[in-house]
There are 2 protein chains.
Amino acid sequence: MNDMLKKLGLRATPQRLAILKLLQGNTAHPSAEEIYNKLKPDFPSLSLTTVYNTLESLAEGGMIQEIRIDCSRRRFDPNPQPHYHFLCNKCRRVFDLDINLINFDIPKQVGDFWVEGCFVNFYGYCMDCK
Amino acid sequence: MNDMLKKLGLRATPQRLAILKLLQGNTAHPSAEEIYNKLKPDFPSLSLTTVYNTLESLAEGGMIQEIRIDCSRRRFDPNPQPHYHFLCNKCRRVFDLDINLINFDIPKQVGDFWVEGCFVNFYGYCMDCK
DNA sequence: ATTAGTGCAAACACTTTGCACGGGT
DNA sequence: ACCCGTGCAAAGTGTTTGCACTAAT
């Protein structure tokens, strides 16, 4: 993890390492505040600002991705690969979806628009809420 | 428009009619605040609360749809049909996309999840910003 | 020594809530 | 007379900013 940060030109501070460690393999797509609350007990000096800064830097460096599925909060995913997400209408949790949408080619240009990418977000009810 | 409101069990107030009229054929996907600002000069007593209430009711009744593409603000579209949207990374405007994604079937169930629907949102740069 | 990074408090933008008043039905 | 709808002010939520201090290189 130390090397990852170095690669992005970021200093390896304890805060960043803690955030990275918590994110590692995490499939809960936590928000900044959730990360902060999880880390705060063991890291009393941590500030929300730092969590935001770190997530911003990591996302910018492509090490994590920001999920734009639940508009009420920014969510982050340690898996930088493009994949699909599912938002539960009831409990508001976000899950990874293990599907392939065949024949779904993203056009590079549509009319006058220069397309950089797209989000495909599913919603409904999760196993616990349906 | 009077009838539309009646059909939803909503009283035809001047505020609602003004909002409906402004929305009519509008492809700018305005936010509540944008609608409020447009209407305020000709309708000084209008309140933001009423704009929110009205948009909420109309969306609930299926007369308009809420667009979840720009997480920094709620946006509304008078076209209740499902269609694709494009968000410009620079000017933050939202456009309708006139494309059909063939062979894109939404699965009703994925793993343990009960899928109600999905959003497909494109982003990039618009004609003015690219 | 330099400068990136941190943490606090305050500011922010958008949205929601509580509530008294007013106007259709 | 009822009660839906309005508009104000205040509260709420998640995020961002300014800035002095701290610590990594």
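The shown structure was predicted, so the numbers you read here are calculated from the model rather than taken from an experiment.
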Classify the ring geometry between Y84(A) and F122(A) as parallel (under 30°), tilted (30 to 60°) or perpendicular (over 60°). perpendicular
Heavy-atom donor-acceptor pair, K7(A) side chain to G61(A) backbone, under 3.5 Å: no
For dA4(C), does OP1 or OP2 lie under 4.0 Å from any side-chain N or O of R11(A)? no
Counting the atoms with a prime plus P, OP1 and OP2 as sugar-phosphate, which does A12(B) contact under 4.0 Å by heavy atoms, base, sugar-phosphate, or nothing? nothing
Taking the inter-plane angle between the rings of H85(A) and H29(A) on a 0 to 90° scale, is it parallel (under 30°), tilted (30 to 60°) or perpendicular (over 60°)? perpendicular
Tell me: CZ of R73(B) to C1' of dT13(D), nearest whole Å? 16 Å
R11(A) backbone acceptor or donor facing R16(A) side chain under 3.5 Å: yes
Can you check the Y36(A) OH to dC8(C) C1' distance for me, whole Å? 10 Å
Donor-acceptor contact present, side-chain N121(B) to main-chain R68(B), <3.5 Å: yes
Positions of residues 46-71 of chain A (non-hydrogen atom under 4.0 Å from DNA chain D), listed by number: L48(A), T49(A), Y52(A)
Distance below 4.0 Å between R75(A) side-chain N/O and dG14(D) OP1 or OP2: no
Nearest-angstrom distance from the residue atom CG of L17(B) to P of dT6(D): 10 Å
Have a look at S31(B) and say if it touches a base, only the backbone sugar-phosphate, or nothing, with a 4.0 Å heavy-atom cut-off. nothing
Where each residue is assigned the nucleotide of DNA chain D containing its nearest heavy atom, which of P44(B) and L10(B) is assigned the position nearer the 5′ end? L10(B)
Base, sugar-phosphate alone, or nothing: which one does S72(A) contact when heavy atoms must sit under 4.0 Å apart? sugar-phosphate
Hey, does the side chain of R16(A) come within less than 4.0 Å of dA23(D)'s phosphate (OP1/OP2), counting only N and O? no
Is the distance from OP1 or OP2 of dA23(D) to the nearest side-chain N or O of Q15(A) less than 4.0 Å? no
Could you tell me the separation between the CG atom of L5(A) and the P atom of dA4(C), rounded to a whole number of Å? 16 Å
5' priority, DNA chain C, between A32(B) and G9(A) [closest heavy atom]: G9(A)
When you measure from the side chain of Q15(A) to the backbone of V51(A), do you find a donor-acceptor pair of N or O atoms at a distance under 3.5 Å? no
Take atom CZ of F76(A) and atom P of dG14(D), then tell me their distance rounded to the nearest Å. 14 Å
From CD1 of I19(A) over to C1' of dG5(C), roughly how many Å is that when rounded to an integer? 12 Å
DNA chain C: 5'-proximal contact among S45(A) and K6(B) (nearest heavy atom): S45(A)
Is it the case that atom CG in D128(B) sees more than 12 heavy atoms from other parts of the structure closer than 6.0 Å? yes
